[in-house]
Amino acid sequence: MNRKRIIAGNWKMNKVIEESLSLVNELKEAVQGINDSIEIVVSPPFTTLSVINDIIKGSNILLAAQDVFWEDKGAYTGEISPVMLKDVGCKYTIIGHSERRQYFNETNETVNKKIKAVLKNDLSVIVCVGETLEERENETTFSVIGTQIRDGLNGLGQKDMEQVVIAYEPVWAIGTGKTATPSQANEVHIFIRDTIKEMFGDEIASSITIQYGGSVNPSNITELMSESDIDGALVGGASLDSGSFIQIIRGAL
Ligand code: 13P
């Protein structure tokens, strides 16, 4: 299957301007001319989106925000709208990351509102889903993820789905050094694809990109990517160092 493969770096709340610039300059240089079978995405904090956009313009690196609000503008102190993200050069925004769900009251309903607002503004989304350790141990992984997918994507049309990427990030594997085994991850990816198939049909299900995230590093990327339904990675810690992020990209080729 010819699915788009995407390696994205989620910098989370890291890097001031100077640090961001050196990281992205090193990355840009290293990935120049890399074959375009893989899309490369960086997701820095809001404060450095603009300066990074200036550097990556015309390169093969795309820009993503880490979150968004669902209104285009107005009296919502502290929020950032899809219109603003588009203005600053974003192609994607991440929505529903487990850290947003855990610390900032993100729910499947707010995820759904954000996805719709972003798609209306012609941006693409990376929607994060994943179970906690407790949910895995209670064997509720599939029901939790099924609900996250069904509620998160509720009301979307087939055309909308062309702009949607899913990232499966088991919460217990994020920042812990504990990666899901490739087959453990793939099992959930297949379940996600089946759920998408029930909702949107075969064509969308077989073409949608599903990334894995959670302690991805240069030594596990190749094995993860060799699984049937893993189409890329959403990388946290290892994307903060240009050397390791570049190795991950190379390992995924
Ligand atoms: P780590 O790669 O640091 O485990 O983070 C994964 C993640 O949350 C990416 O969004």
Side-chain angles (χ1 to χ4, degrees), residues 5-15 19-20 23-24 27 38-46 48-49 52 61-68 85 90-104 106 111 114-115 118 124-133 135-136 141 144-145 148-149 152 164-182 184-185 188-189 192 209-225 227 230-252:
R5 300 185 305 153
I6 307 172
I7 301 292
N10 174 10
W11 298 3
K12 308 190 179 183
M13 197 177 70
N14 293 292
K15 308 268 179 209
E19 297 164 328
S20 297
L23 174 48
V24 87
L27 183 63
I38 290 201
E39 200 169 276
I40 300 161
V41 178
V42 291
S43 187
F46 290 127
T48 66
L49 286 171
I52 290 183
I61 304 172
L62 298 172
L63 194 60
Q66 298 175 15
D67 187 30
V68 66
L85 295 184
C90 288
K91 158 90 188 331
Y92 288 99
T93 177
I94 297 172
I95 295 179
H97 192 280
S98 63
E99 287 147 17
R100 304 284 334 157
R101 294 178 191 259
Q102 186 178 353
Y103 305 125
F104 304 101
E106 188 86 274
V111 166
K114 289 179 178 186
I115 294 173
V118 165
S124 299
V125 294
I126 298 175
V127 185
C128 301
V129 298
E131 81 286 6
T132 62
L133 182 60
E135 288 160 348
R136 178 157 281 263
T141 298
V144 167
I145 290 174
Q148 288 173 338
I149 296 280
V164 175
V165 170
I166 308 283
Y168 167 55
E169 300 205 307
V171 179
W172 49 272
I174 295 179
T176 59
K178 229 191 254 177
T179 331
T181 64
Q184 237 175 356
V188 180
H189 282 227
I192 292 171
T209 300
I210 307 179
Q211 301 174 291
Y212 169 78
S215 297
V216 173
N217 62 46
S219 44
N220 58 28
I221 183 69
T222 308
E223 214 190 332
L224 284 162
M225 292 295 285
E227 292 289 334
I230 300 183
D231 311 315
L234 184 53
V235 186
S239 72
L240 296 174
D241 172 73
S242 60
S244 60
F245 193 54
I246 292 159
Q247 280 184 52
I248 290 173
I249 294 165
R250 296 221 169 98

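When a ligand or atom number is given, it counts from 1 through the structure's own listing order.
Remark: Glu39 pairs with Lys4 by the salt bridge (Lys or Arg N to Asp or Glu O under 4.0 Å) rule, at least two apart or across chains.
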Identify all N/O pairs between ligand 1 and the protein with a separation under 3.5 Å and present them as a table of atom names and distances.
from, atom 1, to, atom 2, distance (Å)
ligand 1, 2 (O), Ser215, N, 3.4
ligand 1, 2 (O), Gly236, N, 2.9
ligand 1, 3 (O), Gly237, N, 2.8
ligand 1, 4 (O), Gly175, N, 2.6
ligand 1, 4 (O), Ser215, N, 2.7
ligand 1, 5 (O), Lys12, NZ, 3.3
ligand 1, 8 (O), Lys12, NZ, 2.8
ligand 1, 8 (O), His97, NE2, 2.8
ligand 1, 8 (O), Glu169, OE1, 3.4
ligand 1, 10 (O), Asn10, ND2, 3.0
ligand 1, 10 (O), His97, NE2, 2.9
ligand 1, 10 (O), Glu169, OE1, 3.2
ligand 1, 10 (O), Glu169, OE2, 2.9

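Gln66 contributes no side-chain N or O that, together with a main-chain N or O of Asn10, makes up a donor-acceptor pair within less than 3.5 Å. With hydrogens and angles ignored, the 3.5 Å screen pairs a side-chain donor or acceptor of Arg5 with a backbone N or O of Ala252.
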Intermediate values then yes/no, side-chain hydrogen bond (donor to acceptor under 3.5 Å, both in side chains), Glu169 and His97: CA-CA 8 Å; Glu169 300 205 307; His97 192 280; 3.0 Å; yes
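Side-chain contact between Leu240 and Glu19 is absent, with no heavy atoms from C-beta onward closer than 4.5 Å.
When the shell of 6.0 Å around CD of Gln184 is examined, it contains more than 12 heavy atoms from other residues, nucleotides or ligands.
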